[in-house]
Structures are given as structure tokens and as C-alpha cells.
Amino acid sequence: MTDLAHEPAPAPVSAGGDRLRRALFRFRQSRLSVIGAVIVGIVLFFTIFGTLLAPYPDQVAGAVDTAARFQPPSAAHPFGTNELGQDVLSLVMAGTTVSVLAGFGVVLIGTVIGTLVGAVAGFAGGWTDEALMRLTDLTLTIPSLILAMAIAAALGPGFVNMVIAISLSWWPGYARLVRGEVLAAREETYVTAARAIGASPRRILFRHILPNVVSPIIVKMSLDMGFAILTVAGLGFIGIGVRPPTPEWGTLLSLSRSYMPDYWWTAMAPGMAMFLAVFGFNLLGDGLRDLLDPKARR
Amino acid sequence: MPEPILVIDNVSKVYPGRRGMFGRSAEVQALKGVSISVDRGESFGLVGESGSGKTTLTRSILHLEQPTSGRILFEGRDLATLSGAELRRLRARVQIVFQDPYASLNPRMTVQDIVTEPMVVHQDVLGLNGRQRTERAAELLSLVGLGPQHLRRFPHEFSGGQRQRICIARALASGPELLLLDEPTSALDVSVQAQVLNLLCDLQDRLGLTYFFISHDLAVVRYLCSRVALIYRGELVEEGETAQIFDAPETEYAQMLIGAMPEVAVPSAGRPSTPMT
Amino acid sequence: MLTAPSLQMSRRSLLAMAGAGLATAALPAQLFAQSGNNILIIASGQDIPNFDPHTATGYSASFFLRNVYDPLVRVSGNPPEPVPGLAESWTVSEDGKGYTFKLNPAAVFHSGNPVTADDVVFSFQRALALAEGNSWMIRDIVTPEGVTAVDPQTVQFDLAVPFAPFLQVLPWIFVVEKAAVEANEGGDDGKTWLMTNTAGSGPFNVARFQVGTLYHLARAENAWQPGGGNLDGVIWQIVRETATQRLMLQRGEAHVAVDLTSEDMDALQDAPSVVRIIEPEYRTFSIKMNTEKGPCADVNLRKAIAWATNYQAILDAAGYADLMVGPLPIGILGFNPDLEVPRTDLDKAREYLAKSAQPEGGFTLKMVHVSGLEQQRRWALIMLDSLKQLNIGLDIQPLNWPDMVALCQSPETFPDLFPVYQTANYGDPDNIAFAAYHSSRNGSWQNPVYSNPEVDALVEAGRSEIDTDKRIAIYGAFQEKVVADAPDIFGVLERRKLGMRDAVQGYSFTPVASNAIEAWPLSLG
Amino acid sequence: METPLLAIRDLHLTMSSFDGHAHVLNGIELTVRRGEIWGLVGESGCGKSLTGLSISRLLPSPPARYLRGEIRFEGRDMLKLPISAVEALRGKRIGMIFQDPTTNLNPAYRIGEQLVDVALAAASHDPTILDCPPRVGRRERKRAARRLAAAMLDRVGIPNPEARLDNYPHEFSGGMRQRVLIAMALIGRPDLLIADEPTTALDVSVQAQILKLLKGTVADHDIGVILITHNLGVVAQTCTHVAVMYAGNIVESGPVAEVIERPAHPYTRALMAAIPTKETRRGALQGLGGTVPNLIAPPPGCRFAPRCPLAIPACTRALPPAVDVGAGHAAACIRVEEERAAAHA
Amino acid sequence: MLYFTVRRILLLIPVIIGLTIIMFAIARLLPGDPVALAAGPNATQAEIEALAQQFGLDQPVWSQYLRYVGGLLHGDFGTSLLTRRPVAADIAAYLPATLELVFAAMFLAVAIGIPLGLLTAVWRNRWPDYVSQVFAIGAISMPRFFLGLLLQLCFAMWLMWLPLGGQLPIIMIPPPRVTGFLLVDSLLAGDTQVFRSALAHLAMPAVAMSLSPLATIMRMMRASTIEVMQQDYVTTARALGLPKRKILFKCVARNAVSATLTVIGLYFGWLLGGTVLVETVFDWPGLGLYATKAIVSQDMMPVIGVALVIGLLFVFANLVIDLLYGVINPKVRYS
């Protein structure tokens with residue numbers, strides 16, 4: 001035999017590091033993704049430090065200054081003050097923590113439940129699949145915002161309750177995604193190969209199928225972050241969100257509605273913060289999708 | 001006369017119609033009473049065009065699918081009657097190499113993980129510890145013309161031919177008797193195909209394997225196999241010694257098929273005359 | 001119901017108006033002016049889901065009933081006084097238990113039938129039997145047997161107990177046409193039928209309505225009431241956002257806005273053609289404390305909290321309002337303006353805290369409020385801020401109103417702090433005193449836990465005493481006692497804030513149910 | 001001498017990617033005359049399909065960039081013509097057939113409609129193909145186009161063509177679909193037909209029929225054909241001429257019989273040795289060692305040199321020119337001359 | 001085809017049952033006492049109990065449930081505790097407004113999104129494409145209620161071009177109710193003034209609702225157009241000299257639209273359920289506002305009713321989309 005180890009190779013490829021380098025290059029190529037990453041970076045920064053850095057930390061905790069009500073934007077209050085004289089900038093900065101953590105909580109819980117349901121349904125097939133998917137379809141059929149509102153109203157306001165309420169309407173998307181991916185992966189030749197070897201179903205699921213489903217899940221999570229933040233804000237806007245004095249963007253916006261158009265600044269800051277955060281996550285999610293899930297590239 | 005290692009006895013397979021969005025499709029008869037006997041140590045070729053039932057038969061031999069009727073015997077034992085544990089042991093002795101080397105390797109596993117997986121799965125039979133498995137994986141890789149330096153790499157870093165070698169190494173890892181080769185070279189370029197075919201010949205000589213070779217490429221089958229069966233629309237139409245079938249096909253279908261083979265030789269009769277002006 | 005010709009009429013003229021130079025956004029008021037058809041548009045946030053005068057509640061229903069139905073007596077003026085309604089005159093017996101009403105012979109129902117004493121008796125008996133809506137005002141005071149028709153024009157009441165404010169509650173018991181209700185009795189005393197149909201004698205009747213959107217009342221053809229303005233109709237339009245109400249008022253899309261906030265009033269300050277009506281009213285806003293269970297059962301802690309409260313912030317947040325002085329609304333009969341009540345004084349608050357079980361603070365109290373009620377949310381935040389000075393934490397929980405009501409059922413479930421509005425449905429101190437401080441009301445949201453036998457005795461004495469001077473003395477003592485017990489943080493009396501177009505004429509303010517506007521006297525100019 | 005149908009001269013093409021510019025076509029020379037069927041053969045990535053697509057200017061630019069050379073179709077340089085002029089040639093003068101008949105027909109339309117569209121497009125340049133008087137109404141033209149479509153289906157051997165016009169592509173078998181595609185490519189009466197792996201996706205038995213059909217078409221219409229394939233067997237059975245490509249170069253070309261019976265270039269020889277024939281002994285098949293060169297940084301000189309068993313240092317100095325080895329047979333290898341000299345000696 | 005349709009319609013039955021079970025389960029989670037609220041602030045305990053009895057709320061859940069489902073068979077969606085009005089009548093009153101809004105939003109999204117998606121795909125990687133991509137992600141990221149507020153602020157409060165909210169100026173007598181859709185009914189009645197005014201009222205909420213689906217449809221259309229343009233049959237069409245315009249509008253658009261269709265179906269459901277926020281902002285007298293009020297006051301019957309109706313509409317819309325899909329994509333129909 002001739003030199004078998006050196007037969008045609010597609011391109012000189014060194015190792016995994018190269019793939020990462022290419023991926024980063026491609027990511028950097030897409031200017032929008034980079035902008036998204038920067039925005040998300042800022043948002044995450046405020047998620048962690050927002051409350052600490054707020055110029056009026058007392059007011060974040062609920063302190064009021066009724067002598068300074070409805071002051072227009074100024075050096076002391078870049079986004080003005082609200083109906084209780086609280087600094088809008090401080091509330092919005094601190095609100096980042098609430099909104100982003102709630103969004104993340106929703107996505108995380110939704111992912112865990114959905115992945116579990118979808119993986120079991122897709123892998124078990126038959127009766128289990130049928131039952132789980134009917135439940136999923138059913139949950140998808142109920143308008144999610146109304147479902148979340150009803151559950152939130154039932155549980156009462158509060159951060160945790162809100163996250164639970166939205167999560168309970170959030171998982172079916174993941175269940176469908178994961179089931180679809182599992183079904184597709186199940187048909188992959190390497191899975192057939194594993195079955196031919198005699199690998200156990202457990203091994204096939206955890207070693208061969210799930211690792212290959214991770215990318216689309218991560219992509220969906222990153223794309224969903226924005227929507228989760230929007231839903232959280234929507235619930236707050238309706239008035240069934242967090243409990244005071246917790247500052248939350250949707251609630252802040254909802255309160256400021258009554259003061260339009262005269263005290264418009266009370267609405268602008270939370271609204272823009274919401275928009276920018278979601279915008280950042282969506283840009284980043286788009287970039288990640290192009291990177292991790294080329295199949296779904298748009 | 002050696003005993004047959006694999007006997008396919010009057011196997012039929014019917015797929016029920018599937019309920020689609022706009023109604024039910026008709027049922028499909030994929031195999032109709034196919035009987036084949038493969039002797040130990042031989043290369044048996046199964047030739048058929050698309051939709052002939054080759055794949056269904058392969059999957060049935062691997063017990064990935066159950067035939068509607070008929071029996072499949074490995075070393076005289078009916079697969080359908082085997083217990084789960086016996087079946088698992090059987091899997092160590094019958095292995096397969098798939099057509100598409102790009103799809104048949106898990107992209108998230110290293111070559112080492114891939115090649116040692118059968119040893120892990122059949123730990124109870126093979127009884128190898130971690131270090132032994134790695135050593136054996138390295139041996140297998142060099143057996144198929146790769147080296148231990150490739151153990152830590154991922155499938156995407158290899159070319160098609162190299163991947164097919166990895167697939168062969170994996171198939172050999174559990175020490176099988178019978179290797180099902182499901183069009184192992186049809187996705188490869190001619191020059192690479194030649195290398196893989198040579199490797200297969202070499203391995204059979206060295207390890208005394210039995211090949212069940214499935215292909216639509218008559219030239220490759222002729223080259224590799226001692227006996228051939230032709231399958232058409234789920235039915236076996238002709239079976240016999242390779243040379244005999246290729247030289248004097250009996251059935252019309254076989255004649256047509258062999259006649260249609262594009263040989264790399266200028267057809268003497270139809271040699272084109274000088275261009276018309 | 002409106003008769004066909006007049007409906008036709010108004011419809012045609014409306015269409016004509018609509019045709020007049022509509023670009024994209026219609027500005028109705030201007031159109032009305034052009035048409036010469038006088039329809040008053042009132043923007044309100046509250047729907048009118050139920051037309052039944054004996055079961056409906058809410059100020060929107062009050063508006064509807066005051067215009068579509070007639071009571072025996074109406075209320076008018078500031079301070080509010082009883083004025084003739086269906087009854088043109090009345091007499092009261094010496095012991096204060098016997099009332100005789102003479103009906104106005106001109107009074108007719110929309111059906112054209114005259115209003116008789118039988119209809120009045122039927123209406124009171126129906127209200128008592130259904131025991132819904134406003135009937136609680138006369139419960140245990142009027143009995144079904146105590147109302148009798150002396151003759152078709154005379155109704156006689158024999159009260160079970162003497163009840164000083166009797167004439168004050170009568171405006172809220174409306175008279176239905178007996179024959180019409182009995183014809184549509186439907187197995188439930190006509191409740192289903194009256195929900196969307198009317199059988200009244202008021203100056204207006206329903207022309208059309210769209211639940212959740214608008215209620216159009218048109219002047220009754222046979223309106224018999226004396227006087228009256230030039231209105232052809234009234235539209236009650238549901239506008240949920242107060243800012244929207246205000247904008248509509250500014251743009252002339254509504255003539256009256258009834259739910260305006262202080263911020264809206266500020267914004268309207270220089271608005272052309274808009275009149276702001278900001279008047280004190282008998283509506284208290286205070287925070288009740290759990291006097292029975294938990295830390296607030298300690299009167300010293302209650303006083304510490306009351307003295308620590310930032311009253312200025314409360315006043316700021318409330319906007320057009322006055323700080324309460326004790327439990328009774330300012331200006332009501334018996335109100336004592338010189339009562340000494342807690343005002344922000346941290347030293348004094350710490351003094352009281354030192355006397356309490358936990359002099360260092362370091363614990364957390366629970367406060368609930370109605371979710372979505374902005375004013376209550378503000379209060380909760382102000383209390384959070386105030387209590388921080390005493391090293392006391394505050395856990396704020398917004399709840400739906402039903403959940404709030406549920407909490408009131410026992411002292412165990414009742415939170416430490418509970419903000420609540422109380423409206424005087426009738427202009428008498430008994431209204432607040434009895435509902436909010438009498439122990440028989442324990443378990444209800446108006447007085448969930450507070451109970452003091454001495455206070456009970458004073459309340460009871462006050463409502464059965466007829467002599468005004470004696471009543472003033474009784475309520476004076478009542479106020480002293482309540483302030484000493486400090487069951488509430490006395491908050492503010494929010495002034496009534498109405499916005500009106502200057503085209504509306506003939507309006508005069510009455511501090512009772514002033515958002516349930518009586519349209520009959522009004523004119524559009 | 002008459003103008004050849006197609007003359008590609010010194011064509012250089014680069015494709016840019018993340019890694020850089022790949023020099024994918026490296027001086028292609030090809031002349032096709034009427035009546036000739038040229039087999040363009042080589043392994044994956046050798047540039048044979050790119051050559052085919054270049055003729056009709058179907059490569060998107062970027063990433064494709066033509067550095068040098070010309071593609072003369074009946075004397076006109078396709079690379080210099082405005083793209084609209086090239087588009088006017090497509091389907092009328094130059095027809096194309098692609099590999100996968102399943103994906104090359106639009107699944108949403110009946111095949112009749114697709115054929116009619118092509119016919120009408122072609123008729124807008126050459127009204128004679130419709131065989132109806134000029135200046136007739138739209139509907140009339142459409143009807144004529146439909147008649148033509150049915151006739152074409154009949155010609156490519158589809159039974160009951162009238163009725164089949166109303167079928168959707170998925171109602172045909174693979175071989176039938178490829179026939180439809182051939183009909184579609186021929187409906188505008190092209191002078192040059194480029195068939196890019198037209199039988200690769202088909203079964204052997206169907207492949208033979210399709211190839212026969214192609215051959216018949218050339219004989220009937222006196223057109224030129226470029227048949228792109230990786231299968232030397234197909235070339236041997238079908239073509240009059242063959243060009244063997246390796247890494248962007250045509251390494252050997254000439255009449256089929258010449259090249260197959262006397263392969264001159266070491267690559268052609270290696271390729272033929274890798275194909276099992278009736279005579280090949282078990283285990284005697286010869287693979288080709290080494291790797292396909294990286295086209296971004298191709299090896300100097302002959303691109304096959306690193307894998308060539310006959311390579312000498314001189315091979316890496318310059319790209320070897322095509323050497324005529326007789327009977328229109330040329331090979332781009334400096335060792336060929338030596339060999340011939342040795343043979344004569 | 002008929003078999004398929006009938007089967008899908010029969011499948012609605014388990015959906016109804018499942019929906020009602022889930023919503024009933026949530027209703028049981030509710031703390032507090034909705035009956036007490038409904039009875040009014042001055043009701044006695046006995047009155048509350050009488051009311052509970054009247055509504056059957058004193059009975060065990062399963063019996064309440066059976067009663068409810070029994071009522072559904074007669075088109076009875078129960079009675080609102082708060083307003084004492086039959087839920088079915090309320091839904092009938094509010095549904096057309098919501099549907100009108102949803103259809104208007106969907107119309108905008110499809111009418112603008114599909115051509116824009118097609119165009120950006122053609123202009124791929126040129127500046128109009130980049131601009132519209134940024135616009136699309138921005139539009140998806142924009143909270144509908146914030147957008148609604150901004151529109152109100154700009155067009156109703158500052159510029160005063162459009163009305164603030166509602167469906168029609170109140171002095172306008174709505175046309176006789178035929179379809180329930182104001183736009184349609186006013187045209188039927190030949191009343192152009194009402195029509196124009198209704199359109200003016202519809203403009204802002206419809207735009208606020210449509211932006212996100214518009215962007216999604218545009219992106220989806222762009223993606224599937226690009227995907228289709230890379231299909232072999234498009235290369236064939238180009239190679240065979242079909243005119244560019246024909247390729248784009250015939251080969252590409254049809255196949256791309258069929259891929260986009262599924263998104264449209266999903267979005268229809270999303271819009272139906274998502275009217276809540278926009279209706280709140282614009283005081284639009286529709287189901288969302290109705291449901292919100294009911295949820296806030298824990299009046300479960302309307303909530304269950306609304307969820308049921310929207311769920312069924314959603315399922316129905318998807319059925320229609322599936323059928324349409326079969327029409328556009330013949331392969332689905334036959335295989």
C-alpha cells in the first residue's frame with residue numbers, strides 16, 4: 001500500500017482552534033453581530049452592577065423625594081424624575097437586573113422543561129411521543145400572553161411568580177425544536193451506526209443525539225432572550241409583574257403612560273432601554289445562529 | 001464446503017402505507033421472498049439499483065428492522081429468536097460500513113471516542129480497560145492506514161477517504177466475523193475508491209473476514225466479490241459466481257444491467273467516425 | 001325606550017354632522033356645535049355592565065341610574081341637602097321614625113304611565129328582597145312591611161329604628177315601574193331583564209349602547225321633571241386612561257372628564273375652553289392597621305408609625321388634596337378641625353417606638369395594595385420610605401381587589417397595613433363612622449379588625465339621635481376616642497377633580513357622588 | 001478554417017473565500033466543433049463544472065473572478081459581452097443540463113408550463129422555433145409553444161407527451177425527469193449543449209438510455225456537446241473527444257479512442273488504473289497517493305508533480321505546455337516528450 | 001383533501017377539551033374569592049353564598065367543569081361573575097374588533113413584508129438590504145406597547161393627525177352590523193365617512209401590531225427567496241435563458257411564499273393572543289382588553305372563553321394555511 005495516511009484532504013486543517021478562529025472571524029465580519037455583542041455586554045454589565053452604579057441607590061430601594069416630582073431631564077437627573085421624584089435613570093439602570101434576570105430565568109426554565117419533554121418524546125416515540133406532543137400543541141394553542149397573564153394573576157405579583165408564569169407558556173417551543181432535532185438526529189447515519197454497534201438507547205440519546213442538538217438550542221435561547229424580556233415587560237405593562245418597589249421596565253413604562261405627553265421622559269428611558277436590550281440580544285442571536293446553526297441561516 | 005455464516009431465508013418486508021397530510025399512501029413491498037446464503041470468508045456482492053430493497057435487507061440483517069416474514073440466520077441462529085443480551089453479543093460479530101463517510105461519524109466525538117465506542121459497548125465480551133482500548137484503537141487506525149496521531153482529532157478534519165477508513169476501523173473494533181459494506185465507496189472519488197477497495201481486500205486477507213458487499217456499481221462488485229446476487233424491485237433475479245454472471249447473464253434484467261455498464265474501453269462497434277461537416 | 005321618530009331624527013342629524021368636513025380625525029364637539037344637537041359627552045373609565053337600579057353598583061351605575069331613574073328625594077347643593085325628586089314634599093314624625101312622602105302628580109314613567117305609590121312600595125320591597133346594590137343603606141332600618149301606600153300619591157315609611165340620615169340615603173333607592181318589571185319577572189325578580197332594559201321615570205333613557213365602549217342616553221320624550229337644560233342626550237364614553245380623558249377634553253372630544261388625576265389637572269391649568277373643578281369631597285384615604293394581630297396590635301407601635309409617616313409626601317403624591325384631621329371628612333357634620341392628630345415628627349415616633357415591644361425596630365411589616373391603583377402604590381412606597389427611619393422594613397404586595405377583600409375576613413390573614421378609600425355615599429358622619437369603625441363591620445374591608453365597645457356605643461348613639469347639636473357632641477367624642485386608639489394612619493381627603501368644557505352650563509358642585517353627574521340641569525352653549 | 005463553435009483560450013478563474021483566492025481554473029484551452037461530444041472528466045474539485053458554468057457566465061461574481069483568457073462562442077468573447085447579451089444566448093444558442101433531475105425542475109409548476117416558459121423565452125429571440133406565423137396573439141403563441149413542448153417530449157422518448165405536460169415533476173421517475181430537462185434544454189434549438197453530470201444521479205440502466213439519447217441528439221442536430229462527468233466509462237461510451245482535468249488544468253485531451261487506448265499523461269494513466277475492469281486482478285487496483293493540491297497556494301510548476309510517480313525536479317519549474325502526441329492528442333507533461341523520444345530510440 | 005379537512009376539524013374536539021381542562025385548572029389556582037367581589041362591597045356572607053350557589057361555584061370542580069362543557073355544546077360560554085353577562089354575548093361583541101385589528105395588521109405585514117423580503121433578497125448584500133435587515137431586527141425588538149405609545153405621542157398628541165384610540169368617534173352611529181367589521185359594514189352601508197374615520201382609528205393600532213410580523217415575514221421571505229434562488233431549478237431556468245423578471249416572480253416567489261406561509265399561520269395565532277397589549281394602549285374594544293379586565297378581576301369564565309375562542313381560531317387558521325400550502329405546493333397534495 002502506498003502512503004495511505006496522506007490522501008486528498010479538503011483543506012489543510014490544523015485543529016479545533018482553527019474552527020474557533022474561523023468562527024470568530026466570520027462573527028467579526030458581521031458588523032451587526034458585533035454591535036449586538038457590545039450592546040449585550042453593556043446590558044449584562046448593568047445587570048450585574050446597575051443597582052450599585054445607580055446615582056440614587058436609595059430610590060431604587062423605594063425612597064421617594066416628592067419635592068422633586070416630574071423634573072425634566074437635567075444634569076442631576078439625565079432622564080428626569082417620576083411621579084414620586086425618583087430618578088428615572090437610577091430606576092432604569094436597576095431595572096436592567098430585573099428584566100434580564102427574569103428573561104434569562106424564563107428562557108432557562110423553558111429550555112429545561114422543553115428539552116426534557118422534546119427529547120423524551122422524540123426518542124421514545126409511539127404513545128409517549130403522541131401524548132407529550134399533543135400536550136405541547138395544546139399549550140401552544142392557548143395564547144401565550146393570556147396564559148401567562150392568567151397564571152401570573154393566579155400566583156400573584158412577584159419576580160419569581162412572574163418568571164414561573166411565563167416559563168409555563170414558554171416551553172412548548174423548545175419541546176418542538178428538540179423533538180424535531182432528535183427525530184432528525186435519530187435518522188443520522190452515525191446514530192444508525194451506534195445502533196448497529198449495539199449501543200444502548202441511553203448511550204445513543206446522551207452521547208450521540210443530545211450533543212448534536214445543543215447548537216440549535218443555544219441559538220434559540222439567544223434569540224429567545226429578547227422575546228422573553230419583551231414578555232416580562234408586557235406583563236409588567238399590564239400591571240401583573242413585579243412587586244413594588246422593584247423597578248421593572250414594563251411596570252415603569254406602564255406607570256408613565258398616565259403622564260404622557262407632558263412628562264414624556266418618564267416613558268422614554270424605560271422604553272428605550274427595553275428596545276435596546278432586546279435589539280442587542282436579537283442581533284447577537286442572529287450572529288450566533290449564523291455561527292452555530294448554519295442550517296438555519298437566513 | 002464451509003458452513004454458511006449468514007442465511008437469508010425467504011425474507012419479505014412490507015411497509016404499511018403512511019398517513020400523510022392529504023391521505024394515505026399505498027403500502028410498499030420492499031422485499032419479496034429473498035433467500036441468500038453467504039459462506040464464511042467469502043465476499044458476497046448484492047447488486048441492485050435504487051429502490052431495489054438493498055437497504056431494507058441490510059437493515060434487516062443488522063436487526064434494525066424486522067422482516068414481515070422469513071428468517072435471517074447468523075451462524076445458524078435465527079435473529080428473531082435471540083434474547084436482548086444475545087443480540088447485543090451478535091452485534092459485536094456483525095458490523096457495517098455505511099455509504100456516506102461524512103454522515104456516519106458523530107461530529108462531536110473524537111476519532112478515539114468513535115473507534116473505542118464498540119469496545120465500550122461490548123466491554124463484557126471484550127473486557128478491555130481504558131488503556132487497552134486506546135492501544136487497540138491506535139492499532140486499528142494503523143491497520144486502516146491512519147496513525148495514532150489522529151486519535152485526538154475530530155471527523156471534520158479528515159477527507160472522505162480518511163473518514164471511510166475511520167468507519168472501517170470502528171467496524172473492526174469489536175472483532176466482527178461479518179462485515180456489511182453498504183456502498184462504501186460510492187461517495188468517493190475514483191482514486192480514493194481504489195485505495196479503499198485495496199484496503200478492504202487487504203483486510204479480508206489478513207483477518208479472514210466475510211464481506212456482504214452491497215453496491216449498484218457493477219465494476220466494483222466484479223472486482224471485489226466472488227459471488228453476486230442481483231436484486232430488482234425486492235426480488236432476487238439472479239445469483240451465482242461473479243465471473244459466470246458477468247460473462248453469461250441469464251435473465252433479461254441481468255443482461256440489460258451488465259450491458260449498460262460503462263466500461264472504460266472504446267466500444268468497438270459504435271466507435272464514432274470522423275466528425276460530420 | 002326611545003321612540004322611533006326621535007331616534008331617526010338624531011340619527012339623521014348625526015350623519016349630517018359626520019359629513020361635515022371630516023378629514024381623518026373627527027373632532028366631535030365642534031361637529032355637535034355645528035349640528036345644533038346638544039349631546040353631552042362624558043369620558044369615564046368605568047363601564048356600566050348592569051342597568052338594574054337595585055343590584056348595580058359603582059359610580060358609573062350611579063350616573064346611569066340618576067339620569068334614567070328617579071328616587072323619592074335627590075341631593076343637591078354644597079353642603080348637600082335633600083331636594084324633591086319623585087316626592088314633591090315630605091313630613092317627618094316627632095320620634096324620627098315616621099316619614100310621609102307626597103308624590104309629584106306630573107311624574108310619569110317612560111312608558112307614559114304615571115308614577116304611583118304602589119311603584120314606590122314595590123321598588124323598596126324589591127331592593128330589600130334582592131339585598132344587593134345600595135340596599136345595605138336601608139337594611140334593618142326600612143322593613144318590607146314598613147313601606148305602605150296610603151293613596152296613589154302618598155307613601156308612608158315606618159322605620160324600625162330612628163335613623164337621622166334617612167333623607168340622605170333616599171337618593172340611592174330608585175323607583176321602577178312595577179307593571180313593567182312584573183311583566184318581565186322571568187323567575188328572578190326581573191333581574192335578568194332589568195340588567196339591559198329600563199323601567200324608569202328619569203329625564204333620560206337609553207338610546208344605544210355598546211358594552212365596554214359607550215352608553216348613549218337620549219332625553220326622554222315625556223320628561224316631566226321641572227326645569228332642565230337644553231341637552232338632547234348624554235354619552236358616557238369608556239376611556240380607561242386618564243391621560244386620554246384629559247386629551248379628549250382638551251381636544252373637545254369630550255365635555256366632561258371624571259377620572260382626572262392631579263397631574264392631569266396641572267396639565268389642564270392653561271388649557272383654553274377647559275374649566276377645572278377641584279372641590280373637597282367626603283372621600284377619605286387612610287391606611288388601616290391590624291389592631292388585633294401582629295406587631296401593630298401594640299398601640300405604641302401604631303402611634304410610632306403614624307408619627308413617622310411622611311404626610312407631606314402623601315399630600316404631594318395625592319396632588320389636590322387635604323390632610324385628614326381624624327377619622328371624619330373635613331366639613332361634615334360634627335367634624336372637629338382642632339383635633340390633635342399625628343404629623344411627621346420622628347422624635348415623637350421614636351418615643352412611641354421605645355415604648356413598644358421592639359423598641360429598636362428591626363422587623364418587617366406587610367402592606368398590601370390594590371394592583372393597578374397608582375395612588376395606593378405611591379402610598380406604599382412612601383410608607384416604605386417612612387418606616388425605614390424607624391428601622392422597620394416594609395414588604396409590599398399588590399393584590400387584586402378580591403384577594404384584598406378575602407384578607408379582611410380574619411385578623412390572622414389581615415396584613416399589617418391596608419390602604420383604603422372610603423366614599424361617603426351620603427353626606428352624614430354616620431356613613432363613615434358606622435361603616436369604618438363599628439365592630440359589627442369586622443370582617444368586611446371597611447373595618448376588618450378594629451373593635452372598641454366605647455366607639456361602638458358612640459356610633460350607635462350618633463345614628464339614632466335626631467337632634468343635631470347632640471349629634472355633634474357625640475361625634476366629637478367619637479373622634480377623640482378613635483384618634484387615641486390610632487387604628488388608622490389618617491391620610492388625605494382627595495378633592496374631586498373634574499374637567500369640563502366651558503360650553504357646559506348650569507353645573508353646580510355637590511360633594512356627594514359628584515362623578516355620577518346629573519345631566520338634567522345642564523346645558524350646552 | 002471555420003470558426004469553432006466554442007473556443008476557450010487560456011482561461012484563468014479565481015474564487016475568493018475566507019482562506020484567500022483559490023486559483024481554480026489555470027489556463028484552460030478547449031475547442032469544440034459541431035458534431036463533437038467533448039467529455040470533460042476529472043475528480044471532484046478539478047474545475048470541470050466551473051468550466052461549464054463559465055461558458056454561460058453563470059458563476060456569481062464575487063466570488064468568481066476571471067483573470068485572463070477568453071471564451072469565444074462562435075467567435076464572440078462571452079467574457080467581454082454585456083451580461084444581457086449572454087443572457088440572450090442562454091437557452092437559445094447554449095443549452096444546459098444539470099446533474100440532479102429531482103432538484104432541477106421547479107416542483108411548484110406542471111412541466112408543460114415550465115417547457116412553455118422556456119420555449120417562449122427562446123421564441124422572443126428566434127420566433128421561427130414556434131412554427132407559427134409571426135405577430136400572432138399571446139394566446140396563440142402559447143398554444144404553439146405547448147405544441148412544441150409536446151413534440152420535444154416525444155422526441156426525448158416520453159410516451160403520451162400531450163397528457164404528461166400537465167403532470168408535476170414529482171409524478172415522473174428520475175430518468176423521465178432527466179429527459180424532460182433534456183427536452184427543455186433542446187427546445188430553444190441550441191448549438192452548444194453543456195451537460196453537467198447528467199447521469200450521475202441515475203441508475204446504470206437509465207444512464208445508458210440517457211447517454212444514448214444525447215448521442216442521438218448530436219447526430220440529429222449537428223450540435224456541439226460538452227459532457228461533464230467524473231466517470232471515464234461514460235466518456236468512453238459516449239464522447240468523441242475527451243479532456244482530462246486535474247486541479248484546474250486540462251492535462252490531456254484528444255479523441256476518445258486515442259486518449260483511452262494510449263493515455264499519455266501520468267494522471268490519466270493513474271486514473272485509469274484506479275478503475276476496476278474485467279481484467280483487474282483482486283488487490284491489484286492502483287490508488288493514487290498524496291493529496292489534491294491546495295489551490296490557494298498551488299505547487300509550482302506542474303500541479304500533479306507532487307503525486308506524480310514520474311516527477312523530476314524540472315516538473316516543478318514551470319507549468320508544462322500541452323504537447324501534441326499525434327492525432328489531435330495532446331498532453332501537458334514534460335515527461336511525455338522524453339518518453340516518446342525513448343520509445344523512438 | 002376532504003378527508004384531511006374533516007379529520008382536522010374532528011381534531012378540534014380534543015383541543016377544546018384540553019383547553020378547557022387547562023384553563024379550569026388555572027382557575028382553581030386562583031386565591032381570593034371572586035364571588036365576594038362580584039357580590040359587591042356591602043354584601044353579607046349569606047348573599048355571597050347565595051351568589052356562589054347561583055353560579056354553581058359551591059359545587060365540586062368536576063361538576064362545575066361538566067356543567068361548563070355541557071353549556072359549550074349549546075354555545076353557552078358561562079356567565080361573567082363581574083358583569084353577570086353571558087360570556088358568549090360579550091365575545092360576540094368584542095371578537096369582530098379584534099379580528100378586524102388582526103386582519104388589518106396581517107394585511108399590512110403580508111402586503112409589505114413579502115415584496116420587501118423579495119426585494120431585499122434580490123438586493124442582497126447591498127445597502128438597501130443592510131438597512132432593511134437592521135430595520136427588521138429593530139422592528140422585532142420594539143415592544144409593541146412602547147411603539148404604540150410613541151405613535152400616540154407623535155401622531156395623536158403632538159401632530160394631532162390621528163385619533164388617540166377607540167374604534168370610531170362616539171358620535172358616529174356605527175353602520176348596521178352585518179359582518180361585525182366596521183370597515184366592511186360601513187362600506188356595505190355606503191357610509192364613506194364612517195369608513196374613513198374607522199380607518200383613521202385603525203391605523204395606529206394596526207401599525208403597532210403589524211411591525212413585528214412584518215419584519216419576521218420579510219426576513220423569512222428574504223431567507224427563503226435566497227434559498228430558492230440557490231436551488232438547482234433556478235440555475236436551470238437561468239441557464240435556459242428565462243427572463244430575470246419571470247424567474248423572480250414565477251419560479252422564486254411562489255416557492256418562497258409557500259415557505260413563508262407557515263410563519264404567517266403561526267403569526268396569526270400570535271397576533272390574536274398578542275392583541276392584549278396593543279388593545280390596552282389604544283383602548284381598542286376587543287377581546288384582549290376584555291380578557292385583561294377579566295384576568296385582573298379574576299373573573300375566570302371570560303378568560304376561559306377568550307382562550308378557547310382564540311385557540312380555536314388559531315387551530316382553524318393553521319388548517320387554512322395547511323390547505324393553502326397544499327394548493328401552492330402540489331407535491332404535498334399528492335404524496
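Naming: A, B, ... by sequence-line order, numbering from 1 per chain.
Shown here is H21(D), whose NE2 atom has no more than 12 heavy atoms of other residues, nucleotides or ligands within 6.0 Å. Other residues, nucleotides and ligands contribute more than 12 heavy atoms inside 6.0 Å of the OH atom of Y66(D).
Residue A239(E) comes nearest to L58(D) through the heavy atom pair CB-CD1, 3.5 Å, listed as atom of the first residue, atom of the second, then distance. Taking every heavy atom of both residues into account, G241(E) and A121(D) meet most closely at O-CB, 3.7 Å.
Only the backbone of I94(D) comes within contact range of chain E, with at least one heavy atom under 4.5 Å from a heavy atom of that chain. For T103(D), the parts lying near chain E are the backbone and the side chain together; criterion is any non-hydrogen pair under 4.5 Å.
The distance from the CG atom of L240(E) to the CE atom of M184(D) is 7.0 Å, given to the nearest 0.5 Å.
Inspection of non-hydrogen atoms places D232(E), Y233(E), T235(E), T236(E), R238(E) of residues 230-238 of chain E under 4.5 Å from chain D.
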